[in-house]
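What follows is a set of notes on a single structure, which appears directly below.
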Amino acid sequence: DTGVSQNPRHKITKRGQNVTFRCDPISEHNRLYWYRQTLGQGPEFLTYFQNEAQLEKSRLLSDRFSAERPKGSFSTLEIQRTEQGDSAMYLCASSGVGGSPLHFGNGTRLTVT
Amino acid sequence: AQSVTQPDIHITVSEGASLELRCNYSYGATPYLFWYVQSPGQGLQLLLKYFSGDTLVQGIKGFEAEFKRSQSSFNLRKPSVHWSDAAEYFCAAHGTSGTYKYIFGTGTRLKVLA
């Protein structure tokens, strides 16, 4: 169990640019989740996958956000035309089934200037 | 709508004192319940979980939590707080049917006085 890995750890980008983050979950976990966390707030659900299928996406998520998990292993989260309001910590987590706890990565901190 | 509420944004206790952090949930059926801790600059670490059975759950670092169905609560406790417990604590819930997303509370920031 090598844990959940996220890259990059930090990303600074200019408003209007596209960014992509990667998450490698724990290998035996078939569920993968993306959350966003801003200062002083709890993790906010964005989307989750079971294997390669994206089963739920937050209604708060604009069309500028897209996530993929092409082979049911790693996942990418892309934000197009970034805005300053997108600045946050983006967390990835994975779990088994049946209410297993989430295992989190250390996150990718995005700063949009 | 499903929700998790942590009524206390900040709590300050003296080292060695007891601690209780409150968590209330709103779900149609009893969800799976979790407590996580996040230290500055660190990822979220699982402290304990409740699925069913014994309503008093033991976790890591000397923490425990009690599930009370009648109050829709899952409060976290520690008999004697250490300075290293200063962190942010999050309660989370996961439904047993339908959506499988985990919903987090807004967190309680714990400060420990020496």
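Residue numbers begin at 1 in each chain, while the letters A, B, ... track the order of the sequences.
Although no hydrogens or angles enter the test, the distance criterion places a donor-acceptor pair under 3.5 Å between the side chain of A:Tyr35 and the main chain of B:Tyr102.
In this structure, the portions of B:Lys101 lying under 4.5 Å from any heavy atom of chain A include both its backbone and its side chain. If you measure heavy-atom distances from B:Gln6 to chain A, you find no contacts under 4.5 Å at all. Contacts between B:Leu46 and chain A at a heavy-atom distance below 4.5 Å involve the side chain alone, from C-beta outward. Neither the backbone nor the side chain of A:Leu55 comes within less than 4.5 Å of any heavy atom in chain B.
Of residues 87-95 of chain B, those residues with a non-hydrogen atom less than 4.5 Å from any non-hydrogen atom of chain A are, in numerical order, B:Phe90, B:His94. Against chain B, the residues from residues 104-113 of chain A that qualify, each with a non-hydrogen atom under 4.5 angstrom away, are A:Phe104, A:Gly105, A:Asn106 in number order. For a heavy-atom cut-off of 4.5 Å, chain B lies close to A:Gly40, A:Gln41, A:Gly42, A:Pro43, A:Phe45, A:Tyr48 in residues 40-53 of chain A.
B:Tyr32 and B:Val4 end up in different hydrophobic clusters when Ile, Leu, Val, Met, Phe, Trp and Tyr side chains are linked at under 4.5 Å.
The side-chain heavy atoms of B:Tyr36 and A:Leu102, taken from C-beta on, include a pair separated by under 4.5 Å.
In terms of heavy-atom pairs under 4.5 Å with chain B, the best-connected choice from A:Ser100, A:Ser95, A:Ala93, A:Ser58 is A:Ser100.
At most 12 heavy atoms of other shown residues, nucleotides or ligands fall within 6.0 angstrom of atom CZ in A:Arg15.
Every residue was checked against the side-chain hydrogen bond (donor to acceptor under 3.5 Å, both in side chains) condition with A:Gln17, not counting sequence neighbours, and none meets it.
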